[in-house]
Amino acid sequence: MFGIQGRLTLLFVVIVTLVLGISGTYAQYSLGHELEVANQRLREGVLTRLQTSLPSALWDLDKAKVDNIVAAEMLPPELVSIRVYDTSVGLFSGKLRNDNGSVSAIENDLNVAGTPVVADLAYRDSGAAGASLKPVIVGRVVVNFSRAQIDATLAAEVRRKVTEVLLLDLILVAALALSLRIVFDPLKRLRDGLFDLATRGSDEVEELPENRQDELGEVIRGFNAIQRKIKSNIQRIREAEDEARKSAQTTAKALDDLRRTQESLLQAERLASLGGLVAGVAHEINTPVGIALTSASVLLEATEKVHQAVDGGNVKKSDIMRYLETASESTRLIMNNAYRAAHLIHSFKQIAVDQVSEARRRFELRDYINEVVSSLQPKLKKTRITVSISCPADVMLDSYPGALAQVITNLTLNCVEHAFNPDDAGQIRIMVVQQADWIEMQVADDGKGIAPEMLDKVFDPFVTTRRGQGGTGLGLNIVFNLIVKQFCGTISVASKLGEGACFTLRIPCITPTEEQHHALPPDQHLHD
């Protein structure tokens, strides 16, 4: 990993290199400009001197003097060659600088390296009276200048600058490496301490040395204080976790006990409902059975009297007619009350078996609702409440009739117990509408209604407005669980105070099996 120390070192090196590079470039430019100016002055000076001294010597054809003048001008190393040409002879004199730096004469005209500069040589002759005559071109001079000296000087300057930059960079890197250690060595120890604190498995606190008296020493002391604080917090957290774990275990046990208690209460509520049904039916059957028994006793007594009269041989027509009237009336009473008792027993038997067995079967809905309501007549006849049923014929369900009987019973009795005062007259309406593969059932009353603050809680367990008056708060909770979990349907309630309440439930005509229910998409597990 390229750390902060390396990045700082690289940053300083780049900055110093850029500064030195810029300053070196400017110095190189200035040096090159100075060398160019000096070279230009040298050129002008050489040409000026040659144009001044050579014409007279060339006019006199004094080759020795020309050679001396040319040799004298060849002293600067920038000059590669000087060639003097006469207008008539051609190459008159010349000097050439060899590769080893020596100067030799040029015997023949040849190509010479360097930049050539050509200048005419004009001779002016003064007359006897001192008047200047028109200048005469006596020849020309060709001077070749070399840039090798300038290039060598510039290259040497570049090498010097590069060497200077490299040395300064090395010195800077070494200085930064030594100086930054003062800062980064404690920071590395602090980093290692933080990493160890984050990954340490034990509670041992390894504090960093606090012998520094600068700003980093304050940071280290703060880090050690944080370590001690973290250890203290960890200890408190672990103690709190232990307490929370114990509380969770206690809560889980209490929740398990509560669930078992709730299941027991639900079962007790269902059995209590069935027990109430048994008591009501038994009481209701008692009347027709008593009338049938009384009628049978009267018939038996009349039969014995007729039998005695027959045995005595004094049977009268009036006795026979009176016996026939008694027999006819007794038989009618026995038949009517026996039929009434048989109907009650049949309804009770079917409802009781369904509620206890949890069996699934196919049944016709309207007749079954009538049977359920008939089984509730012992409870309803003590009130001024009537129950009306509106259900299409031939609505067939493949479902659990016992659970449905429990739902209808609980909803109806809930209306009886909560929607009306004991002496109030009222009406409960059970309305069924088939919608494709679903049925929608409404159980509505015109009673007192449900308070707004109770609407969202009516299906919660143990919620009742008759606490201490026999209400357990489990009736509607049983209804909710049966509709949602067993029938895979939905149930809702709407109510206004003084205008009654309406429970609306939707269930499929064919209840899904448990495997099909679990295979439904999540959005179809309504309220589950």
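Just the heavy atoms: all of them, side chains too, but no hydrogens, waters or symmetry mates, feed the values below.
Side-chain atoms of Ile237 and Glu239, non-hydrogen and from C-beta on, never get closer than 4.5 Å to each other. Taking 4.5 Å as the limit, some side-chain heavy atom of Val432 sits within range of a side-chain heavy atom of Leu365. Put simply, the side chain of Ile439 reaches to within 4.5 Å of the side chain of Ile507, judged on heavy atoms. Residues Ile450 and His418 fail the side-chain proximity criterion, which asks for heavy atoms closer than 4.5 Å. Contact check for Leu168 versus Leu172: no side-chain heavy atoms found under the 4.5 Å cut-off.
Other residues, nucleotides and ligands place more than 12 heavy atoms under 6.0 Å from the CG atom of Asp256. Open room surrounds CG on Asp456; 12 or fewer heavy atoms of other groups in view lie less than 6.0 Å from it. Heavy-atom contacts from other residues, nucleotides or ligands closer than 6.0 Å to CD1 of Ile510 number 12 or fewer. Other residues, nucleotides and ligands contribute at most 12 non-hydrogen atoms within 6.0 Å of the CG atom of Asp394. Heavy atoms of other residues, nucleotides or ligands lying less than 6.0 angstrom from CZ of Phe12 number 12 at most.
Between Lys457 and Asp460 there is no salt bridge, since none of the side-chain N atoms of the basic residue sits less than 4.0 Å from a carboxylate O of the acidic one. A salt bridge does not link Arg322 to Glu325: none of the charged nitrogens lies less than 4.0 Å from a carboxylate oxygen. In summary, Asp398 and Arg360 engage in a salt bridge, as defined by a charged side-chain N under 4.0 Å from a carboxylate O.
Put simply, the side chain of Asp169 never gets that close to the backbone of Leu166: no donor and acceptor are under 3.5 Å apart. For Asn421 (side chain) and Asp423 (main-chain N/O), no donor-acceptor pair under 3.5 Å exists by modelled atom type.
Closest approach of Leu404 and Phe487 over heavy atoms only: N-CZ, 3.5 Å.
Aromatic ring pairs are classed by plane angle as parallel below 30°, tilted from 30° to 60° and perpendicular above 60°; the pair Phe363 and Tyr368 is tilted.
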(request) Would you please test Asp242 and Lys246 for salt bridge (Lys or Arg N to Asp or Glu O under 4.0 Å) and show each step? (result) CA-CA 6 Å; Asp242 293 338; Lys246 294 177 182 178; over 6 Å; no
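No hydrogens or angles considered: a donor-acceptor pair under 3.5 Å links the side chains of Tyr323 and Thr303.
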